Student: 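One structure follows; several queries about it will come next.
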Amino acid sequence: MKTTELYLEQVLIGFLIIAIVALPWIPELLSRTEDIKTGIGIIGGSAALGFAFFIGVPFDRLADTLTGRLDRRNRLKFAIERENKKFQDQSGKDIEDPFPEDMLVIACRRDKGASETEDYHRSRVRLTRALAAYAPAMALIATFSVAHWENEGWRVEPTAAAVWFGLAAAGYLAWALLVLDDSDLPRTNDAKKMPVYRAERQKSGFDLRNLAMPSLILTVALIVGLRHYCEHKLALATALAGVLFTLLSMWSWWRISTTYRQFLADCWTHRAQATASKTS
């Protein structure tokens, strides 16, 4: 991937985190138009971009950890669905691994045009993955903020915000601890465990650890919204919008990941066909 594109992705993820942190104080920021103009100028500076990049790097890695089990299940699902379509090596011999992703990526990068398309797909995967991972936090903080604005005025005390962010951080820590162990998910080249996993998947494809904590975080946001519904309806609307945005982000990331893997498979197939036509 080009360095500039990778840098931009990390910067966007960094600004997403900054936006979540700034949510409770949006009314105060909007009330200071001069500060906003100054802030826009600062954001455009190289120091702010570098700071966003600095933040984006670890949070991109955290998003990869949080969605790791789901991504592995996506890869296994794709591999199982195409087990009857064996990949072949240069000698024409079938490859036992139903989806040798690393090998497909290396082969794709040998072609300049295909490599650029692969970079595009990977960029979309990374950005939608970040949205899927951090949309629950955005929904929770936004709901708390709106409920506070409606009940206690537009100013949020740092102590109240600290409680909200602490609650979100605890939820994300629990999420990471739940999904770190993926030893029950085999690699696609594991000939012994793959049949067992396929049989278990046919019984139940649901994995509670993948979605337990984001679901709990969104549930808390909905409870906060419902609690204030009688007096103020905006908090509940914010929570519902957060839930819908999270679902859309997760669906987009899942579908784009599948599209990316299909592209890798097609790239290998076209490359093999081109090689076969040259040798014939």
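Bear in mind that the values here come from a model prediction, so they are computed numbers and not experimental data.
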Student: Grab the two heavy atoms, one from Tyr172 and one from Ala133, that are nearest each other, plus how far apart they are.
Tutor: OH-O, 2.6 Å
Student: Grab the two heavy atoms, one from Cys108 and one from Leu264, that are nearest each other, plus how far apart they are.
Tutor: CB-CD2, 4.3 Å
Student: Would you be so kind as to tabulate the donor-acceptor pairs closer than 3.5 Å made by side chains of residues 140-147, with sequence neighbours excluded?
Tutor:
{"from": "Thr143", "atom 1": "OG1", "to": "Ala139", "atom 2": "O", "distance (Å)": "2.7"}
{"from": "Ser145", "atom 1": "OG", "to": "Ile141", "atom 2": "O", "distance (Å)": "2.7"}

Student: Rounded to the nearest 0.5 Å, what separates atom CZ in Arg261 from atom CD in Glu101?
Tutor: 4.5 Å
Student: Apply side chain to side chain contact (heavy atoms under 4.5 Å, CB included) to Leu226 and Ile223, showing your working.
Tutor: CA-CA 5 Å; Leu226 286 169; Ile223 291 173; 5.6 Å; no
Student: Output all residues satisfying salt bridge (Lys or Arg N to Asp or Glu O under 4.0 Å) with Arg187, sequence neighbours left out; order by chain, then residue number.
Tutor: none
Student: Verify side chain to side chain contact (heavy atoms under 4.5 Å, CB included) between Gln262 and Phe78, making sure each step is shown before the conclusion.
Tutor: CA-CA 8 Å; Gln262 184 61 56; Phe78 188 84; 3.4 Å; yes
Student: Could you state whether Val196 and Leu185 fall into the same hydrophobic cluster, counting links through intermediate Ile, Leu, Val, Met, Phe, Trp or Tyr residues with side-chain heavy atoms under 4.5 angstrom apart?
Tutor: no
Student: Measure the CG-OG distance between Leu131 and Ser252 for me, rounded to the nearest 0.5 Å.
Tutor: 8.5 Å
Student: If I compare all heavy atoms of Val21 with all of Pro24, which pair ends up nearest, and what's the gap?
Tutor: O-CD, 3.3 Å
Student: Do Arg255 and Thr259 get their side chains close enough for a donor-acceptor pair, meaning under 3.5 Å?
Tutor: no
Student: Can you find a heavy atom in the side chain of Pro98 that is under 4.5 Å from one in the side chain of Glu81?
Tutor: no
Student: Less than 4.5 Å apart, side chain to side chain, heavy atoms only: is that true for Leu104 and Phe99?
Tutor: yes
Student: Under the side chain to side chain contact (heavy atoms under 4.5 Å, CB included) rule, what do Val11 and Phe15 come out as? Steps first, then yes or no, please.
Tutor: CA-CA 6 Å; Val11 167; Phe15 276 128; 3.4 Å; yes
Student: Would a hydrophobic clustering, with Ile, Leu, Val, Met, Phe, Trp and Tyr connected at side-chain separations under 4.5 Å, put Leu177 with Leu167?
Tutor: no
Student: Please tell me whether Leu218 and Leu247 are part of a single hydrophobic cluster in this structure, the criterion being side-chain heavy atoms less than 4.5 Å apart.
Tutor: yes
Student: Could you tell me which non-hydrogen atom of Leu178 sits nearest to which non-hydrogen atom of Ala212, and how far apart they are?
Tutor: CD1-CB, 4.3 Å
Student: In the single-linkage hydrophobic clustering (I, L, V, M, F, W, Y; side-chain heavy atoms under 4.5 Å), do Leu173 and Ile20 co-cluster?
Tutor: no
Student: For Trp164 and His148, take the angle between the two ring planes, folded into 0 to 90°, and tell me which bin it lands in: parallel under 30, tilted 30 to 60, perpendicular over 60.
Tutor: perpendicular
Student: How about Phe59 and Gln10: do any of their side-chain heavy atoms sit closer than 4.5 Å?
Tutor: no
Student: Looking only at heavy atoms, what is the nearest atom pair of Pro136 and Thr246, with distance?
Tutor: N-OG1, 3.6 Å
Student: Rounded to the nearest 0.5 Å, how far apart are CZ of Arg61 and OG1 of Thr65?
Tutor: 4.0 Å
Student: Measuring only between side-chain heavy atoms, which start at C-beta, is Ile106 closer than 4.5 Å to Met103?
Tutor: no
Student: Which Ile, Leu, Val, Met, Phe, Trp or Tyr residues join Leu248 in one cluster when any pair of side-chain heavy atoms under 4.5 Å counts as a link?
Tutor: Trp251
Student: Measure the CZ-OG distance between Arg126 and Ser257 for me, rounded to the nearest 0.5 Å.
Tutor: 11.5 Å
Student: Is Val105 close to Tyr260 at the side-chain level, that is, under 4.5 Å between some pair of heavy atoms?
Tutor: yes
Student: Less than 4.5 Å apart, any side-chain heavy atom of Tyr197 and any of Arg73?
Tutor: yes
Student: Quick one: does any side-chain atom of Arg69 pair with a main-chain N or O of Asp181 as donor and acceptor, under 3.5 Å?
Tutor: yes
Student: Quick one, Asp71 with Trp254, criterion side chain to side chain contact (heavy atoms under 4.5 Å, CB included). Give me CA distance, side-chain angles, the key distance, then yes/no.
Tutor: CA-CA 8 Å; Asp71 185 64; Trp254 182 269; over 6 Å; no
Student: Taking the side chain as every heavy atom from C-beta outward, state whether Met194 and Leu76 have any atom pair closer than 4.5 Å.
Tutor: yes
Student: Between CZ of Arg122 and CD of Glu9, what distance do you get to the nearest 0.5 Å?
Tutor: 9.0 Å
Student: Given side chain to side chain donor-acceptor pair (under 3.5 Å), test Thr188 with Asp97 step by step and report yes or no.
Tutor: CA-CA 6 Å; Thr188 56; Asp97 189 342; 2.7 Å; yes
Student: Calculate, to the nearest 0.5 Å, the distance between atoms CD1 and CG belonging to Ile256 and Leu127 respectively.
Tutor: 9.0 Å
Student: Between the side chains of Asp184 and Arg209, is the shortest nitrogen-to-carboxylate-oxygen separation below 4.0 Å, so that they form an ion pair?
Tutor: yes
Student: Do you know which two heavy atoms are closest between Leu66 and Val179, and how far apart they sit?
Tutor: O-CG2, 3.9 Å
Student: Does any part of the side chain of Val224, heavy atoms only, come nearer than 4.5 Å to the side chain of Leu236, both counted from C-beta?
Tutor: no
